[in-house]
Amino acid sequence: MPSTPSGNRVAVVDCNNFYATCEQVFDPSLRGRPVVVLSNNDGCVIARSAEARALGIPMGAPAHLLMSLFRRHDVVLRSSNFALYADMSRRVMQVLREATPELEVYSIDEAFLRIPSFALDDPARWGKALRTRVLRWTGIAVSVGIASTRTLAKIANRLAKHASEDGVWVLEDDEETLRVWLSRIRVEEVWGIGPRMARILHRHGIHTAWDFREAPADWIRAHFSVTGARTQMELRGRPTTGLLPDPPPRKSLRSGRTFPHPVTRFSTLREAVAAFAARVGERLREESAVAGRLGLYLSTGPHRDPSHRISDMVWIRLPVYTDATPLLIQAAHHLLEAMYRKGFGYKKAAVMTDDLYPRDRFPQPLFPSDPRIARWRQISAAMDRINQTWGRDTVRWAITGIHRNWQSRRQRLSPAYTTRWSDLPRASTLFRPRGRGRFRPRNGGEDRALFPDQGGAEWRL
DNA sequence: TCTGGGGTCCTAGGACCC
DNA sequence: TCTGGGGTCCTAGGACCC
């Protein structure tokens, strides 16, 4: 099939069934079996292996409703193990980074890539080579969608998953090709069109991606603002944004949980909220950022009686831009005292910060700030260093609780294969894709012991 | 007995200013 | 005290994403 070389080609590379695949890579006994990864509290299905998908297990379904199905088909259940997935993600992205001059990491399992100019003549071949390389070096199968805009590339990626033999799809953007393929994509499957937009569109007889592309532009703009207009432009082959190779600075940070049981006691809530605030502090310092506002969210979850239902969110301005954990905890507790209502069973809580600035150039306060804050910063940073060396929560603030019975159930957790020494798999159990592949060491450092042989064929794309 | 966690962007509307 | 035009900044909340 001849392809038209084009100066503007974007690929989206997306890991297939990412969490489930990560579990299978490190536990060979899971390969070929239906594997389901569960959300926090082992609550609902957030990932399925191909085998589990084939059983008709729906995404997002509450796990307890599916227990008999799980038993009948001997489905393997796993609690989500984000330390493992994040580490595997980093490895995949590293392989991608070596294959393109421009890469935007879009999510834990997905990235946008600019196709290198030498590959523009035959992007499909390049895509296949890339896919092979990722599979051999990480054990993760990916799908590659290639087109002239991100939105079209996302559609190409769907086609790669569902209509292609080799996991790669190049979607040309001539009128005829687009008419054929966009007519087969339901409008709610288009990136950027959610349930609300879809409802309105269906009411107006717009059911497919092609219908949406062909709808009057001013009507789209009037009903769905610039967001909808941009999506339409992209479906017409006109890019509306470039890639963002350097991740832009974060604008907000949050930490929170759904509790395994409703929490009524103030003291328990106080512990949990302190722990979330402490986690936000850690993240701020990791990102070298300071926050100007802090918010607290409390919710009882859905309740039969609306008078027993709470879903509150309150923000306060911090006295200074800060990343000092004690100050964040104080602020969160201040909000909690104002918001807490006796007699309610709280199911969720979260601490969030926004108005973030880089630490080295944040707005200076008019008056010198409390000298204790500098001290708190030092203590927080010292605790970070200890925890980085010896593992998360080696030292922590006493107020964040000892027993922590508000914490999630994670009864089916896989080992931290790649990030905890004691959980390293033995060489004999290691996954060896195609018999010859090896994992690449991420930095020539700690996993050299795990993957001593980093040789293998030279790869050229 | 339930149904995760963490983000971004856009718009409307109020407060405030000249 | 009233009038109007024109602007900025901030925040809440909705919608969407993975």
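The model shown is predicted, which means the values in this text are computed figures rather than measured ones. The sequence lines fix the lettering, A, B, ..., with proteins before strands; numbering per chain opens at 1. Because only heavy atoms are used, hydrogens play no part in the values below, and waters and symmetry mates are left out as well, while side chains stay in.
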Mind checking whether [X] and [Y] have side chains closer than 4.5 Å, heavy atoms only?
{"X": "M339(A)", "Y": "V314(A)", "value": "yes"}
{"X": "I57(A)", "Y": "L69(A)", "value": "yes"}
{"X": "V142(A)", "Y": "D14(A)", "value": "no"}
{"X": "L130(A)", "Y": "V13(A)", "value": "yes"}
{"X": "R265(A)", "Y": "W406(A)", "value": "no"}
{"X": "M352(A)", "Y": "L253(A)", "value": "no"}

Under 4.0 angstrom, heavy atoms only, what part of the nucleic acid is [X] near: base, sugar-phosphate, or nothing?
{"X": "R283(A)", "answer": "sugar-phosphate"}
{"X": "D109(A)", "answer": "sugar-phosphate"}
{"X": "I193(A)", "answer": "sugar-phosphate"}
{"X": "M352(A)", "answer": "nothing"}
{"X": "V190(A)", "answer": "sugar-phosphate"}
{"X": "V45(A)", "answer": "nothing"}

Output yes when [X] and [Y] qualify as a salt bridge under the 4.0 Å nitrogen-oxygen rule, no when they do not.
{"X": "E287(A)", "Y": "R283(A)", "answer": "yes"}
{"X": "E23(A)", "Y": "R33(A)", "answer": "no"}
{"X": "R285(A)", "Y": "D384(A)", "answer": "yes"}
{"X": "R150(A)", "Y": "E104(A)", "answer": "yes"}

For K154(A), which of E234(A), E110(A), E189(A) qualifies under salt bridge (Lys or Arg N to Asp or Glu O under 4.0 Å)?
E110(A)
Taking the six-membered ring for Trp, are Y106(A) and W191(A) ring centroids under 6.0 Å apart?
yes
Check DNA chain B against residues 250-262 of chain A and give the residues with a non-hydrogen atom under 4.0 Å, in numerical order.
R250(A), K251(A), S252(A), L253(A), R254(A), S255(A), G256(A), R257(A), T258(A)
I need the residues from residues 61-86 of chain A with at least one non-hydrogen atom less than 4.0 Å from DNA chain B; give them sorted by number, or say none.
P62(A), H64(A)
Heavy-atom count around R404(A) CZ within 6.0 Å, excluding the residue itself: above 12?
yes
Atom NE2 of H202(A) with >12 non-hydrogen neighbours under 6.0 angstrom:
yes
Nearest-nucleotide 5' precedence on DNA chain B, G60(A) against P249(A)
G60(A)
Return whichever of N41(A) or S225(A) has its heavy-atom-nearest nucleotide of DNA chain B closer to the 5' end.
N41(A)
Could you check whether any side-chain N or O of N387(A) sits under 3.5 Å from a backbone N or O of V395(A), counting only pairs where one atom can act as donor and the other as acceptor?
yes
Report the C-alpha separation of W219(A) and I206(A) in whole Å, then their side-chain angles, then the decisive distance to 0.1 Å, and conclude whether the side chain to side chain contact (heavy atoms under 4.5 Å, CB included) test is met.
CA-CA 12 Å; W219(A) 186 85; I206(A) 294 168; 3.8 Å; yes
Quantified in whole Å, what is the C1' atom distance between nucleotide dG4(B) and nucleotide dC17(C)?
15 Å
Identify whether the glycosidic angle of dC2(B) places it syn (within 90° of 0) or anti.
syn
Dot-bracket summary - DNA chain B, pairs being Watson-Crick or G-U whose distances fall under 3.5 Å, with | when paired to another strand:
....||||||||||||||
Among residues 267-281 of chain A, which contact DNA chain C at a heavy-atom distance under 4.0 Å?
none
Interface residues of residues 205-213 of chain A with DNA chain C (non-hydrogen, below 4.0 angstrom):
none
For R114(A) and N8(A), does a side-chain donor sit closer than 3.5 Å to a side-chain acceptor?
yes
What are the 5'-most and 3'-most nucleotides of DNA chain B lying under 4.0 Å from any heavy atom of chain A?
dT1(B) to dT11(B)
State whether Y19(A) and R78(A) meet the cation-pi test: NZ (Lys) or CZ (Arg) under 6.0 Å from the six-membered ring centroid, and within 45° of the perpendicular axis.
no
Output, in order, the C-alpha distance, side-chain angles, deciding distance and verdict of salt bridge (Lys or Arg N to Asp or Glu O under 4.0 Å) for D355(A) and R317(A).
CA-CA 9 Å; D355(A) 195 15; R317(A) 181 145 291 280; 3.2 Å; yes
